[in-house]
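Remarks on the structure that follows.
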Amino acid sequence: MIYKFDNIEVDTLNFRLLANGQLVSIEPQVFDLLVYLLTNRDRLVTRQEILDAIWQDREVSDTALSNLIKSARKAIGDDGNQQRIIKTVHGRGYQFIFEVNKIDDSNKTSLIQTYSPKVKLLATIAVIIFIVPFLLNIYFGETNLDDEKNSYPQDSENMQKSIAVLAFDDLSPNKDQEYFSDGISEEILNVLAKIPNLHVISKSSAFAFKGVAINIPEVAAKLGVKHILEGSVRKAGNRIRITAQLIAADSDKHLWSQTYNRELSAENVFDIQDEIATAIVKALKSKLGINADTFTTEIANINIDAYNEYLQGRYFVEKRTQEDIDIALIHFSAAIELAPGYALAWMGKAWANYWSSERYYGNIPHEIALERAVPAIDKAMLLGPDLPQVNARMGWILLAANSEYKKIIPYFEKAIQLNPSYSDVYKSLALYKTDSPVEVLQILKKARQLNPLSMSDNNSYAKHLIRFGKLNEAEKIAKHMLTINASQYAPYNVLSDIRIVQRRQAQAALLSAKAVELTSGLIYSKYIAASLHADIGLHEQAAELMSRTPFDMIQHRFSGNIGLYISQTREKFPRNDKDSFGMVARATAELYAGNYKESAKYYELSKMCSTCSQKIHVYFQVGNKEAAQQILDRVKDRLTRSINAGMLYYRSLTYIVPIDVKSMEVASLEGDVDRAIMHLKRAMMKKYIISFEYKYNPIYAKLRAHKDWPSILAESNKLAAEQHEIYQKLVLEGTNLSL
């Protein structure tokens, strides 16, 4: 059925929403809500009815429903003030009030049908069983694929054997089994990704085209691959039908297409799976010399219902909100109860727990989140030491616990060894393998090639390009990110960094505020935005940005009330004896109070701030010169490698700065104020505006006492005033800063 109203078209057969003929990206639950309101538009629908229809028997908060309504309104050009399309009747419910034209398109063919979750699972596994062997045969058997050069805009030397596995059609008309579609793709990827020299696009990029009409050559060009796999799954009684086709992207030619019909049951499905996996190994062994166990799927011999729970948990945890993470934990725990030896279920439990941290997407104190995550990931490692996902998650949790890099990197390296197409791990390996900044850039580029539509991978690569002064290339990536999703915060963060380097601080401040508006409340993003505002004299805006966070006392630093900042920090932090975030907050407050012994005590208790300039300064002040020098030497070593690699910019206290600013920090810590001033003057030649922190932080008191400081500060204040004026003008004009 197609419903038309205003400039909107809702196609229920193909799960599409169009505005003025253009496809609108929309979450499945938001689409379901719109359809439910449309089909019941002749009456008021209660909140409970919507909860029952969208979430069935799951417990969710009123906030979740309110957010869903808000998202639905935004998708169709409505809002809570006007309510011209969806009307709220307070205390009762909602009603769709706009005039609608309904078109019956039931004669169209759709691949979407309704089946039970268990049938869904059988379909998922059937795809893995029947299709993967044929794909492997296509690549490594007698079939010759097109060898023309790939047109992917990022250069790659060996892209001839490259593939993207698009999401197989979801058989649920309500899209409530989307996690099974994810399962189909991931299990195919888990096998294909282990094949040496086969470039397999990450799931998140391939899934960007889910539920929309696609043009194969265009999709392949966006993903940078030579081949596309697409297909569908149907069930009739006990019969499963799987149709799949492998397509050469440049010619849109079907290289291989096949339909399979089999009778399956829950009892025999894994036996069949093992049989086919063995056939895969035999087909490849002579050509690749692989180990006999290399291509066994990771779900063999797992309870079907446990696997079902795991898939649902993964679906919810990837939504990255505290509410969805809580739901994910319920599913992961259910999977563990059904199958205590299921490594991925334990990994999922660890994943959800550490993402619940206030440092990420939740509201749980960081150390408490880690206490819950660590035992689960340890159990996962015990059960599945050779699973790439488990090794990757172990590395990330160790990072969250601020473990030494030498302990972390081996887990990332093993994950990549087990899955050469694991883009998220390439990024993590790059960010923490700091021996060679140039190598880091190459690794981040590889991650982006594997996951070209990933905001995270694009963001990391673009920001590293900025450090080398490659602004044009970084800006192209930021604009590309906006075409992927203009409602995501990452492209605005990249553009903000670019504007900082270009010394367009006003635009940078506004872009950072836009990024904050689009985040789920990441504290660090708010602090960066607040600092950028404070640097150009927008102290009230800076304070406001920090006012609604767990660390709201920082607003008083920006407004100049240091005494209130210190007293409120002392009252609130640390929240417990394992509160690393709180320990650093308290250490900083004691530093501002001049109480160095207390500051050093809290730095000692915290596991964070391993290379902070403030920590180095405090250790020197209390006479712990050996510890201070060890940390300072690490900072100097990293700075030297950056300079030798040709980096022009460095991420300092809050945001990206000329590398001379970091050199100024180091010289100040070493007590060489003249050299520090020399580096600061060099930075001023690039129209650097002195950071708010350098003006007030006690560790730079000697810098501020230098005879040249007043003239340097006057020049900085003049630049700040110019940017302040530009900021006010941009706000009045409502300038589109992303252009």
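As a basis for the values below, the full set of heavy atoms in this structure was taken, side chains included, without hydrogen atoms, waters or symmetry mates.
- The structure places OH of Y360 at 11.5 Å from CD1 of I325, a figure rounded to the nearest 0.5 Å.
- Taking the six-membered ring where the residue is Trp, H617 and Y596 present perpendicular rings, their angle passing 60° and hence far from 30°.
- With a 4.5 Å cut-off on side-chain heavy atoms, E544 and L538 do not count as touching.
- Interatomic distance, Q507 CD to L730 CG, rounded to the nearest 0.5 Å: 5.0 Å.
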key: Residues E725, K729; criterion salt bridge (charged side-chain N to carboxylate O under 4.0 Å, His left out); working and verdict   = CA-CA 6 Å; E725 184 177 346; K729 184 178 180 181; over 6 Å; no
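- Summarising the geometry of A530 relative to F558, their closest heavy-atom pair is CB-CE1, 3.7 Å, with the distance given to 0.1 Å.
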Would you mind writing out the side-chain donor-acceptor pairs for residues 676-683 within the sub-3.5 Å range, not counting sequence neighbours?
from	atom 1	to	atom 2	distance (Å)
H679	ND1	D660	OD1	2.7
K681	NZ	D708	OD2	2.9

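- In this structure, the side chains of Q488 and N459 stay at 4.5 Å or more apart for every pair of heavy atoms.
- When side chains are defined from C-beta on, I554 does not count as touching K526, because their heavy atoms never get closer than 4.5 Å.
- Within the model, atoms CD1 of I699 and CZ of F620 stand 11.5 Å from one another, a figure rounded to the nearest 0.5 Å.
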query = For L639 and I659, what are the C-alpha separation, side-chain angles and deciding distance, and is it a side chain to side chain contact (heavy atoms under 4.5 Å, CB included)?
reply = CA-CA 8 Å; L639 176 62; I659 205 159; 3.8 Å; yes
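- Side-chain contact between M553 and L564 is absent, with no heavy-atom pair separated by less than 4.5 Å.
- For the residue pair E693 / S531, no side-chain donor-acceptor distance below 3.5 Å is found, with atom types taken as modelled.
- Annotation: the span from I616 atom CD1 to S668 atom OG amounts to 11.5 Å, rounded to 0.5 Å.
- Among the candidates D497, L511, L510, the single residue satisfying the side chain to side chain contact (heavy atoms under 4.5 Å, CB included) test with Y492 is L511.
- With contacts defined as side-chain heavy-atom distances shorter than 4.5 Å, the pair I690/Y700 does not qualify.
- Proximity of H366 to D579: side-chain heavy atoms (C-beta onward) are nowhere separated by under 4.5 Å.
- Contact detail for I500 and I656: the closest heavy-atom pair is CG2-O, 3.3 Å.
- Rounding to the nearest 0.5 angstrom, the gap separating the CG atom in L713 from the OH atom in Y694 is 14.5 Å.
- In terms of the side chain to side chain donor-acceptor pair (under 3.5 Å) criterion, K379 has no residue partners (sequence neighbours excluded).
- A pairwise comparison of heavy atoms in Q723 and R504 identifies OE1-C, 3.6 Å as the closest pair.
- Between W396 and Y422, the ring-plane angle classifies as perpendicular under the 30° and 60° cut-offs.
- A side-chain donor from one of R503 and Q505 sits under 3.5 Å from a side-chain acceptor of the other.
- A salt bridge links R675 with E670: the closest approach of a Lys/Arg side-chain nitrogen to an acidic carboxylate oxygen falls below 4.0 angstrom.
- Of the residues F581, Y602, F551, the one that meets the ring-ring contact (aromatic ring centres under 6.0 Å, His included) test with F573 is F551.
- Taking both residues in full, the closest heavy atoms of P698 and L591 are given as CG-O, 3.7 Å, listed atom of the first, atom of the second, then distance.
- In this structure the side chain of M684 reaches within 4.5 angstrom of the side chain of S716, judged on heavy atoms.
- For the residue pair I377 and V390, the shortest heavy atom distance occurs at CD1-O, 3.9 Å.
- For Q728, the CD atom sits in a packed shell: over 12 heavy atoms of surrounding residues, nucleotides or ligands are nearer than 6.0 Å.
- Taking CZ of R448 as the reference point, atom CG of D457 lies at 9.5 Å (rounded to 0.5 Å).
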request  = Test Y603 against M583 for side chain to side chain contact (heavy atoms under 4.5 Å, CB included), laying out the working first.
outcome  = CA-CA 7 Å; Y603 276 127; M583 298 289 185; over 6 Å; no
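- Taking the side chain as every heavy atom from C-beta outward, E318 and D324 never approach each other to under 4.5 Å.
- Considering every non-hydrogen atom in both A508 and L532, the closest pair reads O-CD1, 3.9 Å.
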ask   = Step by step, would you call K662 with E665 a salt bridge (charged side-chain N to carboxylate O under 4.0 Å, His left out)?
value = CA-CA 5 Å; K662 189 63 182 179; E665 284 187 19; 3.1 Å; yes
key: Criterion salt bridge (charged side-chain N to carboxylate O under 4.0 Å, His left out) on E715 and K718, from CA distance to verdict   = CA-CA 5 Å; E715 182 182 351; K718 180 182 177 182; over 6 Å; no
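- Taking the six-membered ring wherever Trp is involved, the centroid distance between the rings of Y696 and Y592 does not fall below 6.0 Å.
- We find that R570 and E590 are joined by a salt bridge, their nearest charged nitrogen and carboxylate oxygen being less than 4.0 Å apart.
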Chi angles and distances behind the salt bridge (charged side-chain N to carboxylate O under 4.0 Å, His left out) call for D552, K572 = CA-CA 10 Å; D552 56 358; K572 190 172 183 179; 3.7 Å; yes
